[in-house]
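These notes are about the structure you will find just below.
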Amino acid sequence: MPASVARKQQAVTANVDQVTGERIPKSFVFSRGKLPSTLRHLQQDLRKLMLPYTALKLKEKKRNNLKDFVNVASPLGVTHFLILSNPKSLPHLRFAKSPQGPTYTCEIKEYALAADIANSQKRPRCPPEIFKNSPLVVLSGFNGLGEPYKSFVTFFRHLVPAIDTDTVKLATCQRILLLQYDKETELIDFRHYSIKLQPIGVSRKIRKLMQNNQVPDLRDLKDVSDFVTKAGYGSESEPDDEAATVSLVSDVDKLNKASRKSAIRLQEIGPRMTMHLVKVESGLCSGDVLFPMSVGKEDAKKEQEEEEIEDAEDLMELEDGSDDDSGDEE
């Protein structure tokens, strides 16, 4: 087989989900309108969360309209948009399926950047290698809900590549994206965690020795055995909860072997958001409104005006772009 043909086949295979047989979902994270610096940092955190199948250094210009992103998305195989905006009330984050929708608009009630979360932790952990694979999406609290949450769940299930629990390599499962719905407040908690496996019965010093591959400082010890026994056999931070331990079916690394039990630890790495689903549209930031937000009478007019202005801008961009020549596409 010629080398050029082999390279093309490898490229096609790399873009195909081996579980579903469909194209691997890819995303663009961008903004509409002006954003303050904190929301710009949130946008970059969201891009990092969506790695590796997103454009981490996507360039945006003021003259770019929504049609430009749609035109670029198609040849690149981009299937999902995450769009940040900052209307007068609260920041909005829209989750959209390209190129025909639907679009889910969420109002961001609260948010914290990844840097803020790291600064609040005594030992922040966010190694670069955990972003080589997509996060596992965990959806909690959505059972038994009807529309629009049923389709909202479907959207997030197809936001990242599917996995086969029988064949997945445990070493590729490094992160979790958690969306938890509170039925009382109707709010969605958006959390991002790193997954860390810790072998049961191995002291912290031994773990560091195995991970760093460096000779420890033994000057104050009489015998090398003191290095193992001085701090005791086992870790002072081992969980007592049996539910936090698992028996691995395959080797993950030098410490976490299939023959041992390991503790699962989740550490938040951000970003963190508390969102409220306020609107669902049938198209890409346009079309029929399938789910309007329920608001009080005193806020209804204000909220409607802001949504109409935002939707009108996007609709005008799509209409203007449809009249452009194909040579204007990027």
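The residues of the chain are indexed from 1 along the displayed sequence. Everything quoted here is computed from the prediction, not taken from an experiment.
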Between the NZ atom in K109 and the CD atom in E107, the distance rounded to the nearest 0.5 Å is 4.0 Å
Interatomic distance, OG1@T79 vs OH@Y53, rounded to 0.5 Å, equals 12.0 Å
Hey, does S31 have a side-chain heavy atom less than 4.5 Å from the side chain of S85?
no
So CG of L177 and CZ of R191: to nearest 0.5 Å the spacing works out to 11.0 Å
Sequence neighbours excluded, the answer for side-chain contact (heavy atoms from CB on, under 4.5 Å) partners of A73 is F28, V78, F81, S98
- Taking side chain as C-beta onward, heavy atoms only, is I176 less than 4.5 Å from I195? yes
- Query: Under 3.5 Å, side chain of S286 to main-chain N/O of G283, donor-acceptor pair present?
  - Reply: no
### Exceeds 12 heavy-atom contacts within 6.0 angstrom, atom CG of D288
no
Sequence neighbours excluded, the answer for side-chain contact (heavy atoms from CB on, under 4.5 Å) partners of P127 is R125, E129, I130
K97 meets the side chain to side chain donor-acceptor pair (under 3.5 Å) criterion, sequence neighbours left out, with none
Taken in chain and number order and not counting sequence neighbours, the residues that satisfy side-chain contact (heavy atoms from CB on, under 4.5 Å) with Q121 are I117, P124, Q267, E268
Given side-chain contact (heavy atoms from CB on, under 4.5 Å), test K34 with N86 step by step and report yes or no. CA-CA 7 Å; K34 295 181 179 180; N86 189 35; over 6 Å; no
Please confirm whether the backbone N or O of D68 pairs with a side-chain atom of N71, one donor and one acceptor, at under 3.5 Å?
no
Q. Are L187 and M275 in one and the same hydrophobic cluster, where Ile, Leu, Val, Met, Phe, Trp and Tyr link if side-chain heavy atoms are under 4.5 Å apart?
A. no
Distance col, row I188:CD1 vs H276:NE2, nearest 0.5 angstrom, shows 8.0 Å
Note: L58 and V29 closest approach over all heavy atoms is CD2-O, 3.9 Å
Item to complete: Give the intermediate values and the outcome of side-chain contact (heavy atoms from CB on, under 4.5 Å) for residues V280 and T103.
Response: CA-CA 6 Å; V280 179; T103 303; over 6 Å; no
Nearest heavy-atom contact between N65 and R32 is CA-NH2, 3.7 Å
Here the pair of heavy atoms bringing F131 nearest to I269 is CZ-CD1, 4.3 Å
Distance-only criterion, 3.5 Å: show the donor-acceptor pairs between side-chain atoms of residues 149-161 and protein atoms not counting sequence neighbours.
residue	atom	partner	partner atom	Å
S151	OG	Y104	OH	3.0
S151	OG	E147	OE1	3.0
S151	OG	P148	O	2.9
T154	OG1	K150	O	3.1
H158	ND1	T154	O	2.8

Residue set satisfying side chain to side chain donor-acceptor pair (under 3.5 Å) with Y111, at least two apart, ordered chain then number -> T38
For S27, the side chain to side chain donor-acceptor pair (under 3.5 Å) test, sequence neighbours excluded, returns T54
| message | Membership question, hydrophobic clusters at under 4.5 Å side-chain separation (ILVMFWY): are L56 and L113 in the same one? | response | no
Sorted by chain and number, sequence neighbours left out, side chain to side chain donor-acceptor pair (under 3.5 Å) with H192 holds for R175
Using side-chain contact (heavy atoms from CB on, under 4.5 Å), reason through K183 and L145 one step at a time and then give a plain yes or no.
CA-CA 9 Å; K183 295 182 179 179; L145 298 179; 4.1 Å; yes
Between D45 and A114, the two heavy atoms sitting closest are OD2-N, 2.9 Å
R47 meets the salt bridge (charged side-chain N to carboxylate O under 4.0 Å, His left out) criterion, sequence neighbours left out, with E60
Separation between CG (L290) and NZ (K279), nearest 0.5 Å, reads 10.5 Å
*Derivation and outcome, side-chain contact (heavy atoms from CB on, under 4.5 Å), residues V138 and Y193*: CA-CA 11 Å; V138 178; Y193 298 93; over 6 Å; no
K61 and N64 have their tightest heavy-atom pair at N-OD1, 2.8 Å
Taken in chain and number order and not counting sequence neighbours, the residues that satisfy side-chain contact (heavy atoms from CB on, under 4.5 Å) with D166 are D164
Closest heavy-atom pair, Q43 versus L35, reported as atoms and distance to 0.1 Å, is OE1-CD1, 4.1 Å
Find out whether I163 and L136 are in side-chain contact, i.e. whether some heavy atom of one side chain is under 4.5 Å from a heavy atom of the other. yes
Inset, instruction - Could you state whether I83 and L76 fall into the same hydrophobic cluster, counting links through intermediate Ile, Leu, Val, Met, Phe, Trp or Tyr residues with side-chain heavy atoms under 4.5 angstrom apart? - result: yes
Item to complete: Group every Ile, Leu, Val, Met, Phe, Trp and Tyr by side-chain heavy-atom contacts under 4.5 Å, then state whether I24 and L51 land in the same group.
Response: no
Is any side-chain heavy atom of L84 less than 4.5 Å from a side-chain heavy atom of L46? yes
Between the OH atom in Y181 and the CG atom in D189, the distance rounded to the nearest 0.5 Å is 11.5 Å
